[in-house]
A.B. asks: 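If you scroll down you'll find the structure; I have some questions about it.
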Amino acid sequence: MACKVKAMSEPGILETPRSVAWEAVEYLASKNAKDMDAPQRNLPFILVAWFNQVALFNQAEDDQIIGVTPTAQVQQAHKHLLAMLIWQGEGLVALLREHDATAQAGLTLADVEATLEELYDRQRVRYGGMTEERRAQILDEVFGVS
């Protein structure tokens, strides 16, 4: 990713620009939140948009979190977007339990719940709250080691 010069107090300091993927996730999250509150909800559309948010989030996480030491700004954006995805996922699960529209999107409620659980696991791993037993279980499931 290219660097750009920002308005700064010290001359010559470069700052890495925000990830386009983070900005796309933020935009989709904002739009999806409005769509979820609309009187006439298009649940299949909201559902697909949420999964697209998750995919973009995964890309941004791979680029700026995994295997590197993220800046405080990147870490805060990650934490905020992760919480937003979880909040929207919980809302979607509640809506889908009332009006299951998953078949129209080629998904199942179990797909949504599994993705939501994965997001919760990421939140616990990165920001605390994960028991040692759950950590070992995840490591064993993903990598075959604990």
Side-chain angles (χ1 to χ4, degrees), residues 1-7 14-146:
M1 185 176 290
C3 290
K4 66 180 180 179
V5 177
K6 301 269 291 180
L14 299 177
E15 182 179 300
T16 304
R18 288 209 50 198
S19 163
V20 172
W22 284 139
E23 291 175 11
V25 174
E26 286 176 344
Y27 172 78
L28 285 174
S30 173
K31 173 133 180 40
N32 234 17
K34 290 176 188 171
D35 290 345
M36 287 174 76
D37 280 342
Q40 298 295 321
R41 291 184 194 106
N42 182 343
L43 279 179
F45 177 82
I46 293 169
L47 183 60
V48 169
W50 184 74
F51 272 98
N52 284 332
Q53 281 176 249
V54 172
L56 285 169
F57 178 82
N58 292 343
Q59 177 187 338
E61 189 177 59
D62 285 347
D63 292 346
Q64 295 192 352
I65 299 287
I66 306 300
V68 299
T69 303
T71 66
Q73 179 185 10
V74 168
Q75 188 78 9
Q76 187 60 34
H78 179 265
K79 187 176 186 178
H80 172 77
L81 290 171
L82 182 55
M84 174 93 54
L85 286 170
I86 290 170
W87 174 77
Q88 287 182 353
E90 288 289 349
L92 267 174
V93 167
L95 289 171
L96 292 169
R97 285 187 178 147
E98 291 177 22
H99 310 286
D100 190 358
T102 54
Q104 294 169 308
L107 298 161
T108 66
L109 182 56
D111 294 331
V112 179
E113 290 171 330
T115 302
L116 185 57
E117 184 60 32
E118 180 186 336
L119 293 172
Y120 272 122
D121 286 343
R122 288 187 200 176
Q123 186 179 53
R124 284 187 289 268
V125 166
R126 182 149 299 273
Y127 302 107
M130 177 171 282
T131 65
E132 187 58 36
E133 179 181 283
R134 180 66 176 141
R135 181 186 161 284
Q137 178 188 5
I138 291 170
L139 287 173
D140 188 48
E141 288 173 5
V142 175
F143 299 110
V145 296
S146 49

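Small disclaimer: the values here were computed from a predicted structure and weren't measured.
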A.B. asks: Can you find a side-chain donor-acceptor pair between Glu61 and His78 that sits under 3.5 Å?
C.D. replies: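 Yes - a donor-acceptor pair under 3.5 Å links their side chains.
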A.B. asks: Could you tell me which non-hydrogen atom of Pro44 sits nearest to which non-hydrogen atom of Gln104, and how far apart they are?
C.D. replies: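 It is CG-OE1, 3.1 Å.
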A.B. asks: Is there side-chain contact between Gln53 and Gln88, with heavy atoms separated by less than 4.5 Å?
C.D. replies: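 Side-chain contact under 4.5 Å: yes.
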A.B. asks: Can you tell me how far apart CG (Leu43) and CE (Met36) are? Round to the nearest 0.5 Å.
C.D. replies: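 It comes to 8.0 Å.
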A.B. asks: Looking at every heavy atom in both Ala101 and Leu96, which two are closest together, and how far apart are they?
C.D. replies: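 Here Ala101 and Leu96 meet closest at N-CD2, 3.7 Å.
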A.B. asks: Would you mind writing out the side-chain donor-acceptor pairs for residues 109-119 within the sub-3.5 Å range, not counting sequence neighbours?
C.D. replies:
{"unit_1": "Asp111", "atom_1": "OD1", "unit_2": "Thr108", "atom_2": "OG1", "d": "3.4"}
{"unit_1": "Asp111", "atom_1": "OD2", "unit_2": "Thr108", "atom_2": "N", "d": "2.9"}
{"unit_1": "Asp111", "atom_1": "OD2", "unit_2": "Thr108", "atom_2": "OG1", "d": "3.2"}
{"unit_1": "Glu113", "atom_1": "OE2", "unit_2": "Arg97", "atom_2": "NH2", "d": "2.5"}
{"unit_1": "Thr115", "atom_1": "OG1", "unit_2": "Asp111", "atom_2": "O", "d": "2.9"}
{"unit_1": "Glu117", "atom_1": "OE2", "unit_2": "Arg124", "atom_2": "NH2", "d": "3.0"}
{"unit_1": "Glu118", "atom_1": "OE2", "unit_2": "Arg122", "atom_2": "NH2", "d": "2.7"}

A.B. asks: Looking at CZ of Arg41 and CG of Leu95, how far apart are the two atoms once the value is rounded to the nearest 0.5 Å?
C.D. replies: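 Going from CZ on Arg41 over to CG on Leu95, the span is 4.5 Å.
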A.B. asks: List the atom of Leu81, the atom of Trp22, and the distance in Å for their closest heavy-atom pair.
C.D. replies: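 What the structure gives for the nearest pair is CD1-CE3, 3.2 Å.
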A.B. asks: Taking all atoms of both residues into account, what is the closest heavy-atom pair of Lys79 and Tyr127, and its distance?
C.D. replies: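 Scanning both residues completely, I find the closest heavy atoms to be N-OH, 3.4 Å.
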A.B. asks: What pairs with Glu90 under salt bridge (Lys or Arg N to Asp or Glu O under 4.0 Å), at least two apart in sequence or on another chain?
C.D. replies: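 Listed in chain order: nothing, the list is empty.
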A.B. asks: Can you list everything that forms a salt bridge (Lys or Arg N to Asp or Glu O under 4.0 Å) with Lys31? Sequence neighbours excluded, please.
C.D. replies: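 Lys31 satisfies salt bridge (Lys or Arg N to Asp or Glu O under 4.0 Å) with Asp35 only.
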A.B. asks: How far apart are the closest heavy atoms of Trp87 and Ala33, and which atoms are they?
C.D. replies: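 It is CZ3-CB, 4.1 Å.
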A.B. asks: Please test Ile65 against Gln75 for side chain to side chain contact (heavy atoms under 4.5 Å, CB included), starting from the C-alpha separation and ending with a verdict.
C.D. replies: CA-CA 8 Å; Ile65 299 287; Gln75 188 78 9; 4.1 Å; yes
A.B. asks: Should Val25 and Leu28 count as side-chain neighbours, where that means a heavy-atom distance under 4.5 Å?
C.D. replies: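 No - every pair of side-chain heavy atoms lies 4.5 Å or more apart.
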A.B. asks: Nearest heavy-atom pair of Asn32 and Ile46: which atoms, and what distance?
C.D. replies: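 Distance-wise, the nearest heavy atoms are ND2-O, 3.4 Å.
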A.B. asks: Can you measure from CD1 (Ile86) to CE (Met84) and round to the nearest 0.5 angstrom?
C.D. replies: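 Reported to 0.5 Å precision, the distance equals 11.5 Å.
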